[in-house]
2 protein chains.
Amino acid sequence: MLSNRQLLILQVIIDEFIQTAQPIGSRAISKKDEITFSPATIRNEMADLEEMGYIEKTHSSSGRVPSEKGYRFYVDHLLLPFHLSKNDQQLISSVFEQDLVEFEQVVQKSVNVLSDLTNYTSIILGPQVYETTLKQLQIVHLSVTTAVAILVTNTGHVEHRSFTIPTEIKASDLEKLVNILNERLVGVPIVELHHRLQHELTLILNHYVDDIESAFHYLKSALFDQQPNQVYIGGITNMLLQPEFNDVSKVHALYSIMEKEELMANVLRSTHEGIHISIGHENKVNAMRDCSLITATYSLAGKQVGTIALLGPKRMEYSRVVSLLNLLSNQMSHTFHDW
Amino acid sequence: MLSNRQLLILQVIIDEFIQTAQPIGSRAISKKDEITFSPATIRNEMADLEEMGYIEKTHSSSGRVPSEKGYRFYVDHLLLPFHLSKNDQQLISSVFEQDLVEFEQVVQKSVNVLSDLTNYTSIILGPQVYETTLKQLQIVHLSVTTAVAILVTNTGHVEHRSFTIPTEIKASDLEKLVNILNERLVGVPIVELHHRLQHELTLILNHYVDDIESAFHYLKSALFDQQPNQVYIGGITNMLLQPEFNDVSKVHALYSIMEKEELMANVLRSTHEGIHISIGHENKVNAMRDCSLITATYSLAGKQVGTIALLGPKRMEYSRVVSLLNLLSNQMSHTFHDW
DNA sequence: TGTTAGCACTCTTCACTTTCGAGTGCTAAT
DNA sequence: ATTAGCACTCGAAAGTGAAGAGTGCTAACA
């Protein structure tokens, strides 16, 4: 169990290290206003804190640096609610103050605001489409041999894919097929589309000509082959501003995984509702073992669907970041409540 | 004027430096098969080459390094046609070997292949839409108050924007408007759309109810506010692999400009037809003064429309890169010829 | 006359010291 | 229980010296 004095000292060390990225010595701590005892006393306490694993030395005669256990304790027990500045609040709100409320625009703007505000890298995972349903399916012919298939969801999301029409398929059959599909599939959740197409509809389609079936197969592969995970990343270059990433090789490892949408989506997807913090080795991805990842979920029409995250050094401004994420995810959920 | 021997030596120096990124000394040059004279002779020639500004020393007793003037001479006069490996050719071709020929997919794949093949950063600027025309305009209602407007071009490109419908506009008016617009605007080049909407159509629309006009204004802002420059970038992390970018601050400057689509679009747009090489300070953008940028244009339906580029250190494999870009841009133009 | 061997000179790199200062741990005094 | 004092440790920065790569110049050579 930690004494009050130890708590205080731990707090000062972490707060200070978050700002300076430099090891903190006993003398520096004693200079703080809230500290009333001498460096020698502090040294004793620090020796205890180190023994318990909350802080570390970088070398035998250096100042102390928070350990991952220290950060963990800090975010679990020492995190003070942070009062966001008017400016912070305004910038977050500004995301939602435009007329054209399209999901992608909002997310894109959010990502930028977040990374600008924090100087960390922000990542937003688009909505998982549990509740999203098909609104309309359409084919626009471009020429005799090419067409573009367009899929609109009830959230206003648009997927499209163009394709060449095999010669064996008649344009009229394609039209007919789209009509049938629209009749049958409007309102069906997107996640079920693939399944529904696969099983139910093949039966129905057998009542019609063979040609339709091949058209159908073609369309299916055109539209539903891969349902992309929408990962939005902003402020990647911010990583380079952090002193802990002066080493190019570290940056490279980190940037490489950020290029892998699939991986990032999995990392973000696997979090529980609310705010969650992963510090250093708590992250499953190796390249992130020097980072902290703070995730917040937002909801769309009541259901948890997406994740907002900030990736930075372990030495993050946890308090402020948590407040920012809270504010943003709430406003986001609120804005998308009606959908 | 350079003697044949000087040309040979310059060629060896640049070829060697491109591979090793290390200053080349007279001894190393003399070891090359194609070199038949002694280090001392080479030193004399190198002194001349340096005097003429084609090569430089990094310090008074170092080996020589190509200067920008040297690179310029190299690409202008010493560039040998490079025979691409089977593998290179196959990878480039593989981009076009899929069924679903959508422009964005092709470009995205190209960007990836190029950066993988070269270990540089590849940038592709999407087609300037001179020839692209409107194929279809559409509105899909999501709810009473929201809708998504979808614009399809004859190239299969899809733009969409969702918006909230102001209460003073009736849904039926919106429908009517879209019908009118489709009647009048299909086949009109995209670049003219804004203009056409602005001038010609307002007249026509005055024949109809006032409500349509406000709907029209709304729709216009929803769809045509900003025509985005499509800039595709791949292999940004490759920059980190180059020894000249070990310095984090350089990388940061470079990455920052790459985040600015507008800027990148301008840089790429301002090139002439065919292949063009900008070396170091020839680049207008400051952050690129340590890089070379090689651009190639591709055409869509005969007209020059887009740019493929590779960004790397000045010490690029010019010969191979030029061949790769040539091949890709040709295949691209060929593929899109029919559109 | 063009080429080359030889040599003195320059400059970087690397390993090794030295110095300096920040910070610690321990002990003894308060 | 707290603190002053002090010896000790270690890293960072600056300095030193030897090794090595490379040059420019000169004189000899074909």
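In what follows, every chain begins at residue 1, and chains take the letters A, B, ... in the order their sequences are listed.
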What is the distance from CD1 of A:I35 to C1' of D:dT3, rounded to the nearest Å? 16 Å
Taken in chain and number order and not counting sequence neighbours, the residues that satisfy side chain to side chain donor-acceptor pair (under 3.5 Å) with A:E244 are A:R315
Any residue in residues 4-17 of chain A with a heavy atom nearer than 4.0 angstrom to DNA chain C? Just list them by number, or reply none. none
Whole angstroms only, please: what is the CD-P distance between A:E45 and D:dA1? 11 Å
Can you check side chain to side chain donor-acceptor pair (under 3.5 Å) on A:D247 and A:S249, steps first, answer last? CA-CA 6 Å; A:D247 182 10; A:S249 64; 3.0 Å; yes
Before you tell me yes or no, could you show the steps for B:M288 and B:L254 under side chain to side chain contact (heavy atoms under 4.5 Å, CB included), namely the whole-Å CA-CA distance, both residues' side-chain angles and the distance that decides it to 0.1 Å? CA-CA 7 Å; B:M288 289 191 186; B:L254 212 48; 4.2 Å; yes
Heavy-atom side-chain contact between B:F37 and B:R5 under 4.5 Å: yes
Are OP1 or OP2 of D:dT3 and a side-chain N or O of A:T41 less than 4.0 angstrom apart? yes
Indicate, with yes or no, if the rings of A:Y255 and B:Y255 have centres closer together than 6.0 Å. yes
Heavy-atom contacts, protein to nucleotides 11-30 of chain C, under 4.0 Å, summarised as B (base), S (sugar-phosphate only) or - (none) per nt, yield BS---------BBBB-----
So does A:C291 get a backbone contact from the side chain of A:N283, meaning a donor-acceptor N/O pair under 3.5 Å? yes
Is the backbone N or O of A:I24 less than 3.5 Å from a side-chain atom of A:E16, with the two atoms forming a donor-acceptor pair by type? no
Near B:E51 CD, under 6.0 Å, is it more than 12 heavy atoms from other residues, nucleotides or ligands? no
